[in-house]
Number of protein chains: 2
Amino acid sequence: MSNIPPIIHKTRTQLVVEALREQILSGDIEGGEPLRQSAIAEQLNVSRIPVREALVQLEAEGLVNFEPHKGATATKLSVEQVTELFELRAMIESDLLAKAIPNLTEQDIIDAESVLVQLELAFKLKESVASWSELNTRFHTRLYEAANRPHTLEVVNGLNTNCDRYIRLQLLFTGGIPTAEREHRILLELCKNRDVQKATELLRLHILHAADSITKLVEQKIKS
Amino acid sequence: MSNIPPIIHKTRTQLVVEALREQILSGDIEGGEPLRQSAIAEQLNVSRIPVREALVQLEAEGLVNFEPHKGATATKLSVEQVTELFELRAMIESDLLAKAIPNLTEQDIIDAESVLVQLELAFKLKESVASWSELNTRFHTRLYEAANRPHTLEVVNGLNTNCDRYIRLQLLFTGGIPTAEREHRILLELCKNRDVQKATELLRLHILHAADSITKLVEQKIKS
DNA sequence: ACTCCCCTTACTGAATACAATTAAGATTAT
DNA sequence: ATAATCTTAATTGTATTCAGTAAGGGGAGT
């Protein structure tokens, strides 16, 4: 009767995907850096086959460029691309939120809030940046799910994995945390009140503001 | 001096991807149908390795579901998903077009028109449906490229490969061709006149109208 | 009859081994 | 010296082979 957690056997490919994704997002592997199959295989104690499959998958996520016979490199995002990605997110996500708000149940709001609490705790405890961004997307996803747009949500998540490394930069270096916390709280409140207009507008600004401070940061980095 | 077409060696993986994609889009492989690696490998005279890599790639494109240890199946889209995909396309593409129109050069318009002529010719000659949809996306892409939003364009193309099989259905069974031709011509004219407002509105309707006739078609098919 | 367990089978997942491609250095001819 | 060609080393692409997993099908026990 009890819901059995049906023993999940992670394939080696999945392990490699997760390891590489984390290394790229964390900046451990830099943009443009070539990814040698044998090196990765050795490092993770697998053969090259799962490494190759992982690279194909990561290319689809946009984290890797895979050129036949040349090899794979980690992608790097330029300032223009950051702007593009975030503007696209702003458009799609505010649309999602608008569609979601009328469908949000009390339970959804409670769930979202509990994720938010965990996120704030993670900020306070200065846990790993990785867990910040995971909880962050969990929070947003909770709100969007009620829109009943699974495919759109997938697209958004795809865009997010691309933005992630920059969001991490922002949180780490621009002191964006208090602002983000405040905005999240207000956003949740607006959702609770079903104020579609204000909520979507806040979300837009939230995303575009982040884009702005990131582009400034990236420009600085390029100069230095 | 002449630009050498630097002999492109297609990998077997790419061949398999193309073969399978075409079979799925054309409906030759139906939604839900299991894709046995060995069968495909044998059929295409390759080993299972490139087949596996191809399946991973196609999963990223949304044409295939890949469950560990269970195998891959062709995805099938429901009516709701069709609606979702097309509404998303309408939003993103009209935004793209709005951003593109001010940047369109005379040359862009000429190029687009020439693609359009080819497309109309393909319709007349009743060439393969595959070439129709290829030329169709080429036409739209030409218009969108001026928006300078490469990543957004990629997203759109991704959505399109998912919609493609349904667009083909529509063109084949609902006599949508004359309408499509007319709308394309008008759209091009509006772009030439830089009428952003009307052009984006037409595009929205163009896409949503297609969605509508497709959902009707799919519902019929389900009943029969 | 029903349920549980083992076992078989058909498939997928991964390692090893081999072939093909690229690019860089060496060699030769102009 | 320079350009073109050959050679070779590094790396990727693919076939073969072995290992592991997941369902389906009897039998034994209840």
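Below, chain A is the first sequence line, B the second, and so on; all start at residue 1.
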For the pair B/His206 and B/His140, name the ring-plane relationship: parallel under 30°, tilted 30 to 60°, perpendicular over 60°.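 Correct class here is parallel.
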
Length of the line joining [X]:[atom1] and [N]:[atom2], which is rounded to integer Å:
X: B/Leu15; N: D/dT14; atom1: CG; atom2: C1'; result: 13 Å
X: A/Arg52; N: C/dG13; atom1: CZ; atom2: C1'; result: 16 Å
X: B/Ile49; N: D/dG13; atom1: CD1; atom2: P; result: 13 Å
X: A/Glu53; N: C/dA15; atom1: CD; atom2: P; result: 11 Å
X: B/Leu55; N: C/dC11; atom1: CG; atom2: C1'; result: 14 Å
X: A/Gln14; N: D/dT21; atom1: CD; atom2: P; result: 13 Å
X: B/Leu35; N: C/dC11; atom1: CG; atom2: P; result: 13 Å
X: B/Lys10; N: D/dT12; atom1: NZ; atom2: C1'; result: 19 Å

Please tell me if [X] has a side-chain N or O lying less than 4.0 Å from either OP1 or OP2 of [N].
X: A/Thr13; N: C/dG13; value: no
X: B/Ser47; N: D/dA15; value: yes
X: A/Arg36; N: D/dT12; value: yes
X: A/Gln37; N: D/dA10; value: no

Quick one: does any side-chain atom of A/Glu93 pair with a main-chain N or O of A/Ala90 as donor and acceptor, under 3.5 Å?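 Judged by distance alone, no pair lies under 3.5 Å.
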
Side chains of A/Gln14 and A/Thr11: any donor to acceptor distance under 3.5 Å?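 The answer is yes; a qualifying pair exists.
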
Under a 3.5 Å threshold, yes or no: a donor from one side chain and an acceptor from the other, between A/Glu61 and A/Thr161?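 Checked: A/Glu61/A/Thr161 side chains show no N/O donor-acceptor pair below 3.5 Å.
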
A/Glu33 vs A/Lys76, salt bridge (charged side-chain N to carboxylate O under 4.0 Å, His left out): CA-CA, chis, key distance, verdict: CA-CA 9 Å; A/Glu33 196 169 322; A/Lys76 52 179 161 187; over 6 Å; no

Quick check for you: among D/dT12, C/dA15, D/dA15, whose closest atom lies nearest to any side-chain atom of B/Pro50?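 When the side chain of B/Pro50 is considered, D/dA15 is the closest of D/dT12, C/dA15, D/dA15.
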
Quick check on DNA chain C: between A/Thr11 and A/Arg48, whose nearest nucleotide comes earlier from the 5' end?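 On the 5' side of the pair lies A/Thr11.
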
What residues from residues 58-73 of chain B pass a heavy-atom cutoff of under 4.0 Å to DNA chain D?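 Those residues are B/His69, B/Lys70.
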
Side-chain donor/acceptor contact of A/Arg12 with base of D/dG20 under 3.5 Å: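 Answer is no: no donor-acceptor pair is held.
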
Within 6.0 Å of CD in A/Glu22, more than 12 heavy atoms from elsewhere: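 Correct, the count exceeds 12.
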
Check whether A/Phe139 forms a cation-pi arrangement with A/Arg142 (NZ or CZ under 6.0 Å from the six-membered ring centre, at most 45° off the ring normal).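 Pair A/Arg142/A/Phe139 does not count as cation-pi.
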
